[in-house]
K.L.:
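Okay, handing you the structure first.
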Amino acid sequence: MVTDSHPVRREAAVDTLATMIQRHASRTPTQPACVMLGRDGQPVETLTYGDLDRRARSVAAALRRRTTQGDRVLVWQPSGLDFVISFFGCAYAGLVAVPIPYPESLTGGTRFLSRVQSIVKDASPVLALTTPAAAELRSQYDLGGLELATVDQLTRTPAEEWTASDTAASDLAFLQYTSGSTSAPKGAMIAHENVLENFAAVAGAMRVSTDPAIAARFRTVSWLPLFHDMGLAKLLLPMYLGGTAVLMAPTTFIMRPLVWLEAIDRHRAVMCSAPNFAYDLCVTRTTPEQRERLDLSCWEYALNGAEPVRAESLERFRQAFRPAGFRDTAFMPCYGLAEATVYVSGGRRPEDRRLVTVDSDLLEDKGIVREDPGAQRKLVPCGRVPENLTVRIVDPQTCEPCPPDKVGEIWVAGASIAQGYWGQPEATAAKFHWKVPGVAGSFLRTGDLGFFSEGHLIILGRLDDLIIIDGRNHYPSDVELTVTASHPALASNRCAAFRYEVDGESRLGVVAEVARRFRVVPDGPAESRKSGEVTEAELLQAVRQRVAEEHQLGVAAVTLLKPGGLPTTTSGKVQRRHSRQLFLEGALRTW
């Protein structure tokens, strides 16, 4: 799969998502574009590039009768081939696709309801492409008079009735709604050229050959939700190259992570992505015997785009799956966000370091980076920035570039940056079109803190989440890692740390989930407890002691949550702001 390190250039004739699929359909019509797996990991349906082109033309022809070019259309489908056909049907029709969450249970999807309604109100779509089940239960989702249609209905229109739209590369392809980890979701306006430039950068970072015969062997296996930016990227990247996207439902992975790993082996996947918690889940939910039966030597790029990437999660996975042929060099920590289409950094060279160790006191006291090989603070570099993007570290108050040894806000400019937020000029002005003195281009303010080390971007966390107590800066992800490592009964990656005030004084609050195999019981003699039982006092003492030792911080409040009680986004990110609000209201689901 790998060639040289030169950047991949997209073909001039491919200027939209529709022409991208048409090019592959004309060259390799029988090549599988997508394969959908069932709960057991076996293929249940395959869509070739020829099939996709034909069915997208049918959907587009039907949509053109009901819409006007540039209209927004909801893609309200579970992960599967109907989502793919709906998404590209919009592209063929010159419409703006709006992927939105689809609940696993239509009768119990209330946690999705407010998000769906918020997106519908914001995007003002003219139609929703959905499933027959959702169409029958539309009264449950207050969608007003929005017309609902299914792929089966639309594909009855002959593909020959489709005529190409005059869509330009600069026209919008879709609205990528942000995860809502810090605020209400906003629709990043992604143009066709943004997508194509972004995936050219990703392909270049991975040094993937553009020879059609070689690129056709590029496969991903993904369980990430397709409405999410990273999940959509795992669908579109192989299709950009002419390869194959192998898809499975998110619940399939959550219930049995081994199915994902077996699919990577069976389909000889080259690139797959997951956040920290998923790599941890693969370790805890598989046995050594199951791992030894796997052959993961095909897996060249194991992406992790969590914020930040945790060294402990990577090392646990490496150690556990080395007997299965997983390469020590396969991990590709990366950084991206919806407003930049998805990818900002991640490229690596063989000689690049995997970890950077820094002086923790200087970092917390003054935001100064001083590398110290003997220090305990380990940070994971998130790769190099491609040549079609410009990244600067900027002081968020003065908007001046930071010195090389200073932490600052990450600003990004380039061809894959979104045009702004749909229908929200104030939010657009706050994030987009900023200027850096002495640097050409218009920059996106990411709201993330970081710095560069030997050309690698290193992420520390969200600017809005920074905990400032007694004049020292504490990154919540560091505190959360310390908390979950303080006792085996606390679930990995299931914690939120935040600052709150009492009588004008800043305090540190922590909410943490108890691991599923443990149960919190009343105080009593240790000898009277059964296996897996732990007291609240024992956990609180462990948390407070470890945080004091590691961060010289006192924890004012620790709230223990039942499994699943931590507020997260649909992509699994911790909602710290929402956790803080529920904590203050006393509304968390506690033991």
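Computed over heavy atoms, backbone and side chain alike; hydrogens, waters and symmetry mates excluded. Residue numbers start at 1 and run along the sequence shown.
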K.L.:
List the residues meeting side-chain hydrogen bond (donor to acceptor under 3.5 Å, both in side chains) with Arg580, not counting sequence neighbours, and say none if there are none.
P.N.:
none
K.L.:
Could you list the residues that satisfy side-chain hydrogen bond (donor to acceptor under 3.5 Å, both in side chains) with Arg384, not counting sequence neighbours?
P.N.:
Asp352
K.L.:
If you look only at pairs with a residue in residues 532-541, which of them pass as a side-chain hydrogen bond (donor to acceptor under 3.5 Å, both in side chains), with sequence neighbours excluded?
P.N.:
His487-Glu538, Arg519-Glu533, Arg529-Glu538
K.L.:
Run the salt bridge (charged side-chain N to carboxylate O under 4.0 Å, His left out) test against Arg327 and tell me which residues pass, sequence neighbours left out.
P.N.:
none
K.L.:
Between side-chain atoms of residues 256-265 and protein atoms elsewhere (two or more places apart, or another chain), which donor-acceptor pairs fall under 3.5 Å?
P.N.:
from   : atom 1 : to     : atom 2 : distance (Å)
Trp260 : NE1    : Val221 : O      : 3.0
Asp265 : OD1    : Arg268 : NH1    : 2.9
Asp265 : OD2    : Asp295 : N      : 3.0

K.L.:
What residues form a salt bridge (charged side-chain N to carboxylate O under 4.0 Å, His left out) with Asp359, not counting sequence neighbours?
P.N.:
Arg370
K.L.:
Can you run down the side-chain hydrogen bond (donor to acceptor under 3.5 Å, both in side chains) pairs that involve residues 331-342, sequence neighbours left out, and say none if there aren't any?
P.N.:
Tyr335-Thr446, Tyr335-Asp448, Glu339-Tyr421
K.L.:
For Arg322, give me all partners under salt bridge (charged side-chain N to carboxylate O under 4.0 Å, His left out), at least two apart in sequence or on another chain.
P.N.:
Asp328
K.L.:
Taking only residues two or more places apart in sequence, or in another chain, which ones meet Arg499 in a salt bridge (charged side-chain N to carboxylate O under 4.0 Å, His left out)?
P.N.:
Glu501
K.L.:
List the residues meeting side-chain hydrogen bond (donor to acceptor under 3.5 Å, both in side chains) with Glu426, not counting sequence neighbours, and say none if there are none.
P.N.:
none
K.L.:
Per the salt bridge (charged side-chain N to carboxylate O under 4.0 Å, His left out) rule, what does the pair list look like for residues 224-234, sequence neighbours excluded?
P.N.:
none
K.L.:
With salt bridge (charged side-chain N to carboxylate O under 4.0 Å, His left out) as the rule and sequence neighbours excluded, what pairs involving residues 272-290 come up?
P.N.:
Asp280-Arg316
